[in-house]
Engineer: 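Before I ask anything, here is the structure I am working with.
These numbers were taken from a predicted model, which means no experiment stands behind them. Along the sequence shown, residues carry numbers from 1.
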Amino acid sequence: MSDVPSSHPRYLSLKLRDAIVTGVEKGITSAHGLIAHGRGEAFDYLVGEETQAFAEAAIRSAAAMLLRASHPVISVNGNAAALVPAELVSLGAACDAPLEVNIFHASKERETAIEKELRDNGAPRVLLPLAGATLDHIDSNRRYVNPEGIAAADVVFVPLEDGDRCEALRKAGVEVVTIDLNPLSRTARLASVTIVDNVVRAMPLLIDAVGTLKVCDEEELNGIVSSYDNEAILDEALLRIRHGGGYHPSPDIRGCFRR
Ligand code: PTJ
């Protein structure tokens, strides 16, 4: 761990760097994950390093989508496991979804290390990809899935994803919920719901939203999902990036998450 004093103006950001570096040292995160994290940091500056109205709207819709799913699955990669392991376990419990390890940079050792990290954080069961079960429309290591998990899912939550699997899942008719600070990424563009926010800020809010919406019936959940427009949300995130501190959420977006 670094010795950054808590008075440092970039303390929170530096603590996150520590968490990602620790992830690499523990064999959870790939070295490529450090680069992905740096890209995330850059976009976090641009969205103001706080949860914006467009992210709140997406969080509400994401929670509704996860709750109305018959078989939701939470996909976990090396960056997510380093940054928010306990929150992933809590989300799984809140929406009754299994956690499944699915990584881009192939490594059996890393899969096992991620599984252990999730179990150490309280996960009762962690699914691993199996060589016999594969997704169509994808050639990377992410094609290997678990028959009881992603292979059978109707909604998959994929924080910090690279675009290829999101596209494959959408082609297979599966809904994808993602957290991605880059509103221009392929994942952000192809997902059903994109939460443009830092995973460390968004996860507790998503868990809370699932808790709040748990009382809704199917019709209410359908209403929340169908009134959500991912393209409009991404356009709103781009407005924040373009206008910086001068950005004001459009009335439609406020309406979307307050409805
Ligand atoms: O563990 P593996 O092998 O599955 O690899 C995981 C990474 C993240 C390395 C892999 O999926 C990858 O290369 O992803 P990309 O293509 O770099 O995409 C990651 C996306 O997450 C980028 O759009 C980043 O801007 C975004 N991102 C990075 N850190 C955060 C983030 N979004 C939200 N919160 C973050 N902390």
Side-chain angles (χ1 to χ4, degrees), residues 36 39-40 43-44 46-47 51-77 79-80 83-84 87-88 91-92 95 97 99-100 102-104 135-138 140 142-143 145 149-151 153-203 205-207 209-210 213 221-222 224-241 253 256-257:
R39 178 154 53 178
F43 277 100
D44 209 4
L46 295 173
V47 299
T51 303
Q52 301 284 351
F54 46 80
E56 290 174 12
I59 285 168
R60 187 160 185 264
S61 181
M65 195 171 267
L66 286 165
L67 281 170
R68 73 171 193 171
S70 346
H71 189 28
V73 175
I74 298 173
S75 179
V76 184
N77 69 18
N79 284 50
L83 293 175
V84 284
E87 290 83 354
L88 291 165
L91 181 66
C95 58
L99 304 182
E100 178 167 336
N102 184 285
I103 58 177
F104 181 74
L135 288 179
D136 290 336
H137 315 294
I138 178 170
S140 76
R142 286 201 192 278
R143 71 184 182 279
V145 289
I150 291 169
D154 57 346
V155 177
V156 185
F157 176 59
V158 289
L160 280 76
E161 175 83 341
D162 54 292
D164 60 347
R165 188 174 53 141
C166 181
E167 186 168 16
L169 288 169
R170 297 294 285 131
K171 277 187 182 158
V174 177
E175 302 276 19
V176 175
V177 173
T178 191
I179 300 176
D180 190 335
L181 276 160
N182 178 3
L184 296 167
S185 79
R186 266 178 3 107
T187 301
R189 297 266 143 203
L190 292 169
S192 319
V193 178
T194 304
I195 301 166
V196 182
D197 197 12
N198 198 312
V199 71
V200 299
R201 289 193 301 268
M203 283 298 292
L205 299 175
L206 180 57
I207 294 162
V210 168
L213 296 184
L221 295 176
N222 285 340
I224 293 170
V225 172
S226 61
S227 68
Y228 176 81
D229 180 344
N230 204 48
E231 221 179 299
I233 289 293
L234 294 175
D235 285 349
E236 195 75 9
L238 290 174
L239 280 179
R240 172 61 179 83
I241 289 174
I253 295 299
C256 178
F257 73 85

Engineer: Under 3.5 Å, is there a donor on one side chain and an acceptor on the other for Ser140 and Asp164?
Structural biologist: yes
Engineer: Under the side chain to side chain contact (heavy atoms under 4.5 Å, CB included) rule, what do Phe54 and Asp235 come out as? Steps first, then yes or no, please.
Structural biologist: CA-CA 9 Å; Phe54 46 80; Asp235 285 349; over 6 Å; no
Engineer: With rounding to the nearest 0.5 Å, note down the distance linking CZ in Arg142 to CD1 in Ile103.
Structural biologist: 8.5 Å
Engineer: Taking atom CD1 of Ile233 and atom CD1 of Ile195, what is their separation to the nearest 0.5 Å?
Structural biologist: 10.5 Å
Engineer: What closest approach, in Å, do Ala80 and Pro159 show between heavy atoms, and which atom pair accounts for it?
Structural biologist: CB-CG, 4.2 Å
Engineer: Does any non-hydrogen side-chain atom of Leu88 lie less than 4.5 Å from one of Phe157?
Structural biologist: yes
Engineer: Is there a side-chain contact between Val155 and Val177 (heavy atoms, below 4.5 Å)?
Structural biologist: yes
Engineer: Using 4.0 Å as the upper bound for N to carboxylate O, is an ion pair formed by Glu231 and Arg189?
Structural biologist: no
Engineer: Indicate yes or no: at least one non-hydrogen side-chain atom of Val176 is less than 4.5 angstrom from one of Leu190.
Structural biologist: no
Engineer: Check whether the side chains of Asn102 and Ser75 place a donor and an acceptor atom closer than 3.5 Å, and report yes or no.
Structural biologist: no
Engineer: Calculate, to the nearest 0.5 Å, the distance between atoms NE2 and CD belonging to His137 and Glu167 respectively.
Structural biologist: 9.5 Å
Engineer: Starting from the C-alpha separation in whole Å, work towards a yes-or-no answer on side chain to side chain contact (heavy atoms under 4.5 Å, CB included) for Arg165 and Ile150.
Structural biologist: CA-CA 11 Å; Arg165 188 174 53 141; Ile150 291 169; 3.3 Å; yes
Engineer: Go through it in stages, so that I can follow the logic: the residues are Thr194 and Asp180, the test is side chain to side chain donor-acceptor pair (under 3.5 Å), and I'd like the CA-CA distance, side-chain angles, deciding distance and then a yes or no.
Structural biologist: CA-CA 7 Å; Thr194 304; Asp180 190 335; over 6 Å; no
Engineer: Nearest 0.5 Å, what's the CG-CD1 distance between Leu213 and Ile59?
Structural biologist: 11.5 Å
Engineer: In the structure I gave you, are the side-chain heavy atoms of Leu184 and Leu238 within less than 4.5 Å of one another anywhere?
Structural biologist: yes
Engineer: I'd like to check Met203 versus Ile179 (side-chain heavy atoms, cut-off strictly below 4.5 Å). Are they in contact?
Structural biologist: yes
Engineer: How far apart are the closest heavy atoms of Asp136 and Ala168, and which atoms are they?
Structural biologist: O-CB, 3.5 Å
Engineer: Say you draw a straight line from CG of Asn182 to CG of Leu160; how long is it, rounded to the nearest 0.5 Å?
Structural biologist: 11.0 Å
Engineer: Is the closest side-chain heavy-atom distance between Val210 and Leu67 below 4.5 Å?
Structural biologist: yes
Engineer: So Glu175 and Pro72, do their side chains get closer than 4.5 Å, heavy atoms only?
Structural biologist: no
Engineer: Within a strict 4.5 Å, meaning less than it, do heavy atoms of the Thr178 and Val193 side chains meet?
Structural biologist: no
Engineer: Just how far is it from atom CG of Asp44 to atom CG of Asn198, taken to the nearest 0.5 Å?
Structural biologist: 4.5 Å
Engineer: Looking only at side chains, do Thr51 and Asp197 share a donor and an acceptor under 3.5 Å apart?
Structural biologist: yes
